[in-house]
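Worksheet for the structure shown next.
Because the structure is a prediction, the values reported are computed rather than measured. By convention here, the first residue in the shown sequence is residue 1. Because only heavy atoms are used, hydrogens play no part in the values below, and waters and symmetry mates are left out as well, while side chains stay in.
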Amino acid sequence: VAGLMIWRFGWLWADPAVSILISVLVLFAAWHLVRDAVDILMEAAPGHLDVEEIRQALAAVPRVTSVHDLHVWTLTSGVVAMSCHVVVGENTHPQSDVLSRVREIVHNRFQIDHTTIQIENCGPNGDEFESCDCHFGAR
């Protein structure tokens, strides 16, 4: 098109103008790809997931007293990972159905299949830090 405009009308500016237009179209079309790549490289939480909503859903599971160290990130396009510590009541056996219920909620409600979930028991005073060394030195 630029060549025809230069040949027919002598408009030498047509070549750089069409080149700039094509560059803008390519950048606009590639924006989503670049944004997704940066999110994956930065291990950002996916935009379609609300981390606080996930925390609240997990905290609502029976016998769960709190959820901390919750992290959600993108491994690759379409693959989301999650890790967290789930604190259960003092008399809850660590091998109870809490873990399976938490995995079920994360899978069914948030479509996250790659999970690492650590179950912790509250200390005798209800202190969640008693059984967790992730806060060592933070007391």
Side-chain angles (χ1 to χ4, degrees):
V1 171
L4 286 174
M5 293 174 78
I6 293 170
W7 174 69
R8 177 77 171 121
F9 303 109
W11 295 346
L12 298 177
W13 55 266
D15 186 39
V18 170
S19 296
I20 290 171
L21 177 67
I22 290 172
S23 298
V24 168
L25 291 174
V26 168
L27 286 174
F28 182 75
W31 173 248
H32 293 291
L33 179 63
V34 170
R35 188 185 68 213
D36 289 346
V38 169
D39 285 348
I40 290 170
L41 291 173
M42 298 301 294
E43 295 183 349
H48 68 282
L49 292 174
D50 181 0
V51 176
E52 191 54 37
E53 181 182 353
I54 295 171
R55 181 187 317 280
Q56 291 172 0
L58 299 183
V61 172
R63 296 190 301 276
V64 171
T65 60
S66 69
V67 177
H68 63 270
D69 290 333
L70 173 63
H71 304 281
V72 181
W73 68 98
T74 304
L75 290 175
T76 185
S77 183
V79 180
V80 177
M82 183 200 84
S83 67
C84 69
H85 295 207
V86 174
V87 181
V88 295
E90 182 181 5
N91 296 325
T92 303
H93 191 274
Q95 301 303 321
S96 69
D97 65 337
V98 171
L99 179 60
S100 61
R101 181 67 183 130
V102 166
R103 283 187 179 154
E104 179 183 322
I105 288 172
V106 170
H107 170 75
N108 293 339
R109 187 165 166 190
F110 302 103
Q111 289 74 46
I112 302 174
D113 294 319
H114 189 87
T115 60
T116 303
I117 302 165
Q118 180 172 326
I119 304 291
E120 303 168 349
N121 284 48
C122 276
N125 301 327
D127 183 8
E128 64 190 52
F129 299 130
E130 288 292 322
S131 65
C132 175
D133 63 357
C134 64
H135 296 284
F136 188 72
R139 294 183 186 176

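- Follow the hydrophobic side-chain contacts under 4.5 Å out from Ile105 and you reach Val51 in the same cluster.
- For the atom pair CZ of Arg103 and CG of Leu58, the computed distance is 12.5 Å after rounding to the nearest 0.5 Å.
- Among all heavy-atom pairs drawn from Gly89 and Thr65, the shortest one is N-CG2, 3.8 Å.
- When side chains are defined from C-beta on, Val64 does not count as touching Val87, because their heavy atoms never get closer than 4.5 Å.
- Here the shortest heavy-atom pairing between Leu12 and Pro16 reads O-CD, 3.5 Å.
- When all heavy atoms of Pro62 and Val98 are compared, the pair lying nearest together is O-CG2, 4.0 Å.
- Atom CH2 of Trp31 sits about 10.5 Å away from atom CG of Asp36, to the nearest 0.5 Å.
- Taking each heavy atom of Ala2 and Val18 in turn, the nearest pair found is CB-CG2, 3.9 Å.
- Annotation: the span from Leu99 atom CG to Ile119 atom CD1 amounts to 5.0 Å, rounded to 0.5 Å.
- How far CZ of Arg35 is from CD1 of Ile40: 11.5 Å, rounded to the nearest 0.5 Å.
- Looking only at side-chain heavy atoms (C-beta outward), Trp73 and Met82 stay at 4.5 Å or farther from each other.
- The backbone N or O of Val67 sits less than 3.5 Å from a side-chain atom of Arg55, completing a donor-acceptor pair.
- Contact check for Asp97 versus Arg63: side-chain heavy atoms found under the 4.5 Å cut-off.
- Considering all non-hydrogen atoms of both residues, Asn108 and Gln111 come closest at O-NE2, 2.9 Å.
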* To do: List the steps and the verdict of side-chain contact (heavy atoms from CB on, under 4.5 Å) for Ile117 and Cys84.
  => CA-CA 5 Å; Ile117 302 165; Cys84 69; 4.1 Å; yes
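- Rounding to the nearest 0.5 angstrom, the gap separating the NE2 atom in His114 from the OG atom in Ser83 is 9.0 Å.
- Under the ring pair (Phe, Tyr, Trp, His ring centres under 6.0 Å) test applied with Phe9, the options Trp11, Trp13, Trp7 reduce to a single match, Trp11.
- Here NE2 of His85 is found 5.5 Å from CD of Glu120. Values are rounded to the nearest 0.5 Å.
- At a threshold of 4.5 Å between non-hydrogen side-chain atoms, the residues Val79 and Thr76 count as touching.
- Of the charged side-chain nitrogens involved, none lies within less than 4.0 Å of a carboxylate oxygen, so that Glu104 and Arg109 do not count as a salt-bridged pair.
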* Is there a side-chain contact (heavy atoms from CB on, under 4.5 Å) between Leu49 and Ile112 once you walk through the steps? -> CA-CA 10 Å; Leu49 292 174; Ile112 302 174; 3.8 Å; yes
